[in-house]
**Q** 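Take this structure first; my questions come after.
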Amino acid sequence: MCGIVGAIARRNVSKILIEGLSRLEYRGYDSSGVAINNEEGVYFHRAVGKVQALRDKFSEQPLDGKMGIAHTRWATHGKPTEANAHPHFSGDDLALVHNGIIENHEPLRRELKDKGYEFNSETDTEVIVHLIHDALKTQPDLLKAVQSSLSRLEGAFAIGVVQKDDNERFIAARKGSPLVIGVGIEENFVASDQLALLHVTDQFIFLEEGDVADVSRDQVTIYDIRGEVQERPVSVFNHNVDATDKGEFRHYMMKEIYEQPNVISACLEGRISDSKVLTSCFGAESDFLKKVENIHIVACGTSYHAGMVAKYWIEELAGLPCSVEVASEYRYRKVAVPKNTLFLTLSQSGETADTLAALRMAKELNYLTTLAICNVPSSTLVRESALTLLTNAGAEIGVASTKAFTTQLTALLITSVAIAVENGLSAEKEKTLVQAMRSLPACVNEALQQDGHIKQIADKFANKHNALFLGRGAMFPIALEGSLKLKEISYIHAEAYPAGELKHGPLALVDEDMPIITLVPHNGMLDKIKSNLQEVAARGGELYVFADRETDLHNEENITFSEVPKVEAILEPIVHTIPLQLLSYHVAVVKGTDVDQPRNLAKSVTVE
Ligand code: G6P
């Protein structure tokens, strides 16, 4: 995805900027560019492909200067060409880099064209730089011109702007896309990700929603959305906290469970505005959303469970038929493909052999297009799929997937709503769902607060040999995922059933030795599932119930109640996942198994 780097120093910044872009390569991109300010003006290089292509241009024609902005672009509006790569210019006065999507770029483009501005790219970004240029005519101060222009933009953005005649400052701003200031000695920086600046500083100021920063060599002044100066705290990057380090945690799995509020935020960044899903997050060809009439989801393991949840969301919100299948089955049968069917793969690694084989087979069939929801930008699945939505969970080291799963669900929720919007979902309902998504990181954080309580109940599982998980509706796949987690890392045999199926067989297994973990949704199924609980209690079964307080469930004889935060119904599958991850983790720790590398399992299954 797009990345921003900016620098102002007393030394030449071109190498700093290019190194910063290299550090952002993991995000995925298709072109890059740098603009350098010096006494003579603003000069630039842009290149399609890898950052190396940009380095080559600098080798052929060096650009030196003490201030500059740089960008890696992941195409949304317009193909990956040099003309569409950032920085974008207004005349030779202003240069700008941008992450995010400007939703109202079309009317703004018309307005600016009427004023005589010429457009040199197909991007939504170019309207911003002309808008600021236009504002400078009545308001010659760059900061004020940026502030007034940003108030006209709808959508998500992070920007960096430099002006030809001003070598003493650059302006950076964010709304809906992340941006961080790097603080140095007599030099300051900006980037979309602090990793891009770790070669020059470890001191960071995280800009908040709506912030505009005026950045000079000796000073950073931050204005909030109302234009008032704010002091934002400086935090020091802890070099011990990276993907390959467990930090304060005993196991990667626990570290990754606790990362979920942050990575879910990262998954949402730039993909939703205040009230809408930004469909351009699917790339330049997002018009498939208008055509899709059917969805086939194919995946393996935990990713398959994420797909099963999405079926509930897609059929409920969009009213379109959706089937979900494990890749190892799909690839070996004759598949009927109805007209305008989307082929959607889910994979944490993007290298799972069965999923890749299924994709290759699907490409020979009559699908509308192929979309991969994946965590690894450079993976084969991403490279071979027509469209990609990255989950942005960061490297997951623990074999038992946790943050990769909840970010897949987040990405699937974005996708489900985007499809639903083209199939009659009202603007009001879309807004409610988007606002629910915005609350998700906080809800997941709240669910993590139950860790201590779940650790206590985990002790009761240590000597069990079997466990049964029950759920209904979209909570059934979460029961499957909970049972998979428990068996993967604690080696306890676990199975999951839709709660209504209990009486058709599994009830025969219920006795005082069988823990039964039940996920209770707070929706129309509540009374039904309470009846299922009675069926178990009447047979002396030991129930562990996960529900919110308003369900009126509580501790009773044979019932251990665990509280899950009360959330919008659509978020329940994601939030209920958290206590089940914690449960399997603590049971495995009590049993002394190898939590991060369970026997016989691999993180990425690249063989059939
Ligand atoms: C392996 C991993 C699982 C994962 C599955 C699918 O079995 O151990 O955690 O769910 O592969 O992997 P993918 O990378 O395609 O999501």
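On a predicted model such as this, the values are computed, not experimentally measured, just so you know. Order of listing sets the numbers, starting from 1, for every ligand and every atom in it.
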**Q** Any non-hydrogen side-chain atom of I295 less than 4.5 Å from a side-chain atom of T341?
**A**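 When only atoms from C-beta onward are counted, T341 and I295 do not touch, as no gap falls below 4.5 Å.
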**Q** For ligand 1 and S303, I'd like to know whether there is a polar contact (N/O to N/O, distance under 3.5 Å).
**A**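 Yes; the residue has a nitrogen or oxygen that sits under 3.5 Å from a nitrogen or oxygen of the ligand.
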**Q** Taking only heavy atoms of V399 into account, list the atoms of ligand 1 that are under 4.0 Å away from them.
**A**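 Checking each atom against V399, I get 8 (O), 9 (O).
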**Q** Show which atoms of ligand 1 fall inside a sub-4.0 Å distance from at least one heavy-atom site of T302.
**A**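 Matching atoms, with element in brackets: 10 (O).
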**Q** Can you list the ligand 1 atoms lying under 4.0 Å from a non-hydrogen atom of Q348?
**A**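 Matching atoms, with element in brackets: 13 (P), 14 (O), 15 (O), 16 (O).
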**Q** Under 4.0 Å between a Lys/Arg side-chain N and an Asp/Glu carboxylate O for R333 and E325?
**A**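 Answer for the salt bridge query: yes.
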**Q** With heavy-atom distances below 4.5 Å as the criterion, would you say the side chains of L371 and T388 are in contact?
**A**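 No; the side chains remain at least 4.5 Å from each other.
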**Q** I want to confirm something. Looking only at heavy atoms, which of N375, T345, T352 is nearest to atom 12 (O) of ligand 1?
**A**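 Residue with the shortest heavy-atom distance to the ligand atom: T352.
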**Q** What pair of heavy atoms forms the shortest contact from H504 to G500, and how long is it?
**A**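 So the two residues come closest at CD2-O, 3.7 Å.
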**Q** Heavy-atom distance under 4.5 Å between the side chains of S490 and L486, does that happen here?
**A**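 A side-chain contact under 4.5 Å exists here.
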